Q: 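Supplied in C-alpha cells, the structure appears directly below.
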Amino acid sequence: MTVTNSLIEKKIKSAEEVANLLPNHVTLGCSGFTPAGYPKLIPQAFAKRIEEESKSGKTFSINLYAGASTGEELDGCLAKTGALKLRIPYQSNSYLRNLINSGQTDFIDMHLSHVVKYIEHGILPKIDVSIVEAVDVTPDGKIYLTTSSGMSATYLKNAEDVYIELTDVHPIELKGYHDVYLPTHHDKGMPINILSPDDRIGLPYIQINPDKIKGIVRSNVRDAATVFKSPDNDCLSIADHVLSFIQHEIKMGRIPKEYLPFQNGVGNIANAVLSSMAKDPKFNEIQMYTEVVQDSVFDLIDADKLKIASTSALTFSAKGLDRFHKNINEWKSKFIIRPQEISNHPEVIRRMGLIAMNTALEVDIYGNVNSTHVMGTSMMNGIGGSGDFTRNSHLSIFMTPSLAKDGDISAIVPMVSHTDHNEHSTMVIVTEQGLADLRGCPPKKRAELIIKNCAHPIYRDKLHQYFENSLKVSKGKHTPHDLENALSWHVQFLKTGSMK
C-alpha cells in the first residue's frame with residue numbers, strides 16, 4: 001500500500017539525488033537489526049557515487065552505525081567501496097568481516113545495550129546523517145519503522161540530517177507493532193516500568209522535527225532474507241538437553257511452573273530449541289523477551305504456545321515474512337518491537353528473570369566462553385546482546401556443537417583463545433554430548449563436569465590429560481593451568497589445520 005501526504009510529496013527524492021547530498025566524510029546512523037528493516041536504495045546509490053568519483057581523485061570515508069547486522073545493500077555495498085573506516089556494533093557480512101580481519105576497517109565490538117550511552121555521551125563520533133526504513137511518515141514528523149527498531153530512535157534524535165526510505169513492502173498495518181521508549185542518560189536513572197514482556201510504555205512511532213527530514217525515497221526492496229538450515233541431529237540433541245534441564249529446574253522449584261520469559265540467540269541451535277519446545281507436550285504457553293524473533297516462532301504459534309514475543313527485530317525468511325503479512329492484524333497482540341536499549345537493558349532483564357539461551361564458538365574447561373573470535377584474533381560477527389543477557393538473566397545457557405570443521409576443531413578447549421563471557425557469568429554449558437551445570441561449582445569441579453559431559457569423545461582423553469598435567473605443573477592449584485600448553489591446541493590448528 002503506497003502512503004502519501006503533503007510532507008512526503010514535498011520531500012520526495014530519488015536515491016541518486018540523496019546520495020549526491022551526502023558528505024564525502026560522514027558518520028551514518030542507519031536502521032537495521034539482524035538483518036531486518038535497514039535502508040537499501042540510498043546506500044547502494046552512495047556506493048555507486050563513491051566508485052565513480054573516486055576515479056577522479058575524490059576521497060571518501062564512512063563511519064557506519066546500525067543496530068546490529070544488516071544486508072548486502074548496506075554493509076556489503078559500502079564495504080566494497082573501500083571507504084568504510086569504522087563499523088559498530090555488530091556485523092555478519094563476509095566481505096566486511098574480511099576487511100575487519102585484514103585491518104582495513106575498524107570495528108568496535110560492543111554490548112548492544114551500551115551503544116546509546118556511547119552516542120549520547122559523545123564517546124563515539126557524532127552522527128551526521130541518519131537513514132531509516134519506514135512504512136509511514138506524517139507531516140508533523142512521526143516516523144513509523146518497519147520490522148526492526150534497533151538504534152533508530154537514537155540515531156534519528158542525534159543526526160543533523162535525516163533521510164527516509166519509505167517502503168511499500170510491508171502493509172501499513174505494521175504501524176502499532178513498535179513500542180518506542182528511551183530512558184534519559186544524563187539524569188539520575190528512573191525505573192523502566194516493564195514488568196512483563198507484554199507491557200507497553202512508549203509510543204508506536206519516533207517523533208522528530210520534520211525540518212530535519214531532507215529527503216524521502218520510495219522503495220519496494222525486501223530485506224535480504226536469512227535462511228537457516230533445518231536443525232541437524234546435533235542441534236536437536238542440544239535442544240533435548242536444554243528442555244530436559246528446564247523441566248528439571250521446574251521440579252526443583254527454581255523455575256515456576258508457568259516458566260520465566262525466554263531469550264534466544266540467532267541461528268540453527270536457537271531455532272531448534274524453540275521448535276522442539278513447540279512439539280514437546282511437557283511445555284505449555286511461553287513468553288519471550290529477546291532481541292531477534294525468527295521463523296521458529298511460527299512453530300510456537302501453530303502449537304498455541306506463544307503468549308507474547310518482545311523483540312528488537314522480526315527477522316523472517318521470505319516465506320515467513322509472507323505469513324507474517326497475512327496475519328499482521330491478528331498477530332498484533334503477539335509481538336512488540338522495542339529499541340535495543342530496552343530489549344537488552346540489564347534492569348529489565350534482571351527484573352523479569354529471563355532464561356537466556358545463546359551460542360558459543362568455544363568454551364574452556366573452566367567455563368569461560370568465546371563468542372566472537374576464531375582462533376583468538378579473527379572476528380566472526382560480534383558479541384551482540386549475548387553479554388547483556390548472560391550477565392543479567394536468572395539462568396544463562398550457552399550452546400554449541402562439540403566439534404567444528406569436520407572434527408578438526410574441538411569447541412571444548414583447555415583455555416579459550418578470547419574471552420567474551422567469563423566463568424563468573426556462565427552457568428550452564430550444553431553440547432550434543434550433554435549438559436554441565438556449573439552453578440555452585442569450584443573451578444576444578446567445573447573442569448570435570450565440562451570434560452565429562454560436553455567434550456566430544458575424540459578430544460575427551462586429551463582434555464583429561466591436559467587437566468591432570470595442569471594439576472601437577474601449575475603453581476596455583478585453585479584454577480590449574482599448564483600455561484606453556486594452554487593455547488597449544490589453537491597453535492597446532494593454525495600450523496596443521498587440526499587440533500587432533
Side-chain angles (χ1 to χ4, degrees), residues 112-113 179 191-201 238-266 269-294 296-297 299-301 303-312 333-338 340 342-359 369 384-399 421 424-430 435-440:
L112 297 188
S113 67
D179 185 57
I192 297 171
N193 293 316
I194 298 175
L195 304 179
S196 173
D198 56 1
D199 286 342
R200 287 180 174 268
I201 61 172
I238 291 170
D240 286 343
H241 294 312
V242 170
L243 298 192
S244 296
F245 179 71
I246 291 171
Q247 291 296 333
H248 168 75
E249 290 295 284
I250 292 171
K251 290 179 182 179
M252 296 300 294
R254 293 189 280 256
I255 295 176
K257 292 181 179 179
E258 61 271 20
Y259 314 118
L260 295 166
F262 289 88
Q263 177 266 335
N264 67 306
V266 177
I269 298 176
N271 283 330
V273 172
L274 293 183
S275 296
S276 296
M277 195 178 292
K279 298 172 185 176
D280 191 331
K282 295 189 293 294
F283 278 84
N284 302 314
E285 185 180 61
I286 70 164
Q287 300 181 79
M288 296 174 64
Y289 193 88
T290 188
E291 56 187 359
V292 181
V293 167
Q294 300 172 275
S296 54
V297 76
D299 295 332
L300 292 169
I301 292 174
D304 197 24
K305 291 186 178 182
L306 180 71
K307 180 180 180 183
I308 186 71
S310 172
T311 183
S312 195
S333 63
K334 294 288 187 185
F335 298 102
I336 298 175
I337 307 175
R338 305 186 192 273
Q340 70 192 54
I342 303 301
S343 67
N344 292 54
H345 202 290
E347 174 195 337
V348 181
I349 294 169
R350 179 61 62 89
R351 179 186 299 125
M352 286 195 291
L354 302 187
I355 300 171
M357 301 177 289
N358 290 285
T359 55
V369 170
S386 59
D388 298 322
F389 292 101
T390 296
R391 294 174 299 162
N392 299 290
S393 293
H394 169 77
L395 182 64
S396 176
I397 301 171
F398 275 99
M399 309 171 293
H421 315 281
H424 307 294
S425 299
T426 59
M427 300 180 191
V428 178
I429 307 298
V430 189
L435 180 147
D437 181 0
L438 308 180
R439 295 171 301 173

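Computed from a predicted structure; not experimentally measured.
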Q: Nearest heavy-atom pair of Ser296 and Asn271: which atoms, and what distance?
A: OG-OD1, 2.8 Å
Q: Look up atom CG in Leu274 and atom CG in Leu300, then write down how far apart they are to the nearest 0.5 Å.
A: 5.5 Å
Q: Give me the one residue out of Leu435, Ile397, Thr359, Ile269 that meets side-chain contact (heavy atoms from CB on, under 4.5 Å) with Ile238.
A: Ile269
Q: With sequence neighbours left out, write down each residue that passes ring-ring contact (aromatic ring centres under 6.0 Å, His included) with Phe245, or none if nothing qualifies.
A: none
Q: Would you mind reporting whether Met288 and Thr311 have side-chain heavy atoms less than 4.5 Å apart?
A: no
Q: Could you give the distance from NZ (Lys307) to OG (Ser333), rounded to the nearest 0.5 Å?
A: 11.0 Å
Q: Minimum heavy-atom separation for Gln263 to Ala356, with atom names?
A: OE1-CB, 3.1 Å
Q: Looking at side-chain heavy atoms only, is the closest gap between Ser396 and Ser425 below 4.5 Å?
A: no
Q: Atom CZ in Arg351, atom CG in Asn392: separation rounded to 0.5 Å?
A: 12.0 Å
Q: Among residues at least two apart in sequence or on other chains, which ones pass ring-ring contact (aromatic ring centres under 6.0 Å, His included) with His241?
A: none
Q: Please name the pair of heavy atoms, one in Met399 and one in Val273, separated by the smallest distance, quoted to 0.1 Å.
A: SD-CG2, 3.9 Å
Q: Supply the atom-to-atom distance Tyr289 OH to Ile336 CD1, rounded to the nearest 0.5 angstrom.
A: 9.0 Å
Q: Just by distance, do the side chain of His394 and the backbone of Pro261 share a donor-acceptor pair under 3.5 Å?
A: no
Q: Students often mix this up, so state it plainly: with edges at 30° and 60°, are the rings of Tyr259 and Phe283 parallel, tilted or perpendicular?
A: parallel
Q: How far apart are the closest heavy atoms of Ser275 and Asp299, and which atoms are they?
A: OG-OD2, 2.7 Å
Q: Is Glu249 paired with Arg439 through a side-chain N to carboxylate O contact shorter than 4.0 Å?
A: yes
Q: Checking Asn284 against Glu258: is there a side-chain donor and acceptor pair closer than 3.5 Å?
A: no
Q: Would you check if Phe398 and Leu438 make a side-chain contact, meaning some heavy-atom pair closer than 4.5 Å?
A: no
Q: Roughly how far, to the nearest 0.5 Å, is the CG atom of Leu306 from the CE atom of Met277?
A: 11.0 Å
Q: State, to 0.1 Å, how close Ser312 and Gln340 come at their nearest heavy-atom pair, and which atoms those are.
A: OG-N, 3.5 Å
Q: Could you state the interatomic distance from OG (Ser343) to CZ (Arg338), rounded to the nearest 0.5 Å?
A: 8.5 Å
Q: For the residue pair Ile201 and Ile192, establish whether any side-chain heavy-atom pair is separated by less than 4.5 Å.
A: yes
Q: Give the minimum heavy-atom separation between Gln287 and Ser196, together with the two atoms involved.
A: OE1-OG, 3.4 Å
Q: Flag the pair Arg391 / His421 as yes when at least one side-chain heavy-atom distance between them is below 4.5 Å, and no otherwise.
A: no
Q: Using side-chain heavy atoms (C-beta onward) and a distance below 4.5 Å, is Ile349 in contact with Phe389?
A: yes
Q: List in chain and number order the residues that pass salt bridge (Lys or Arg N to Asp or Glu O under 4.0 Å) with Asp280, two or more places apart in sequence or in another chain; answer none if no residue qualifies.
A: Lys282
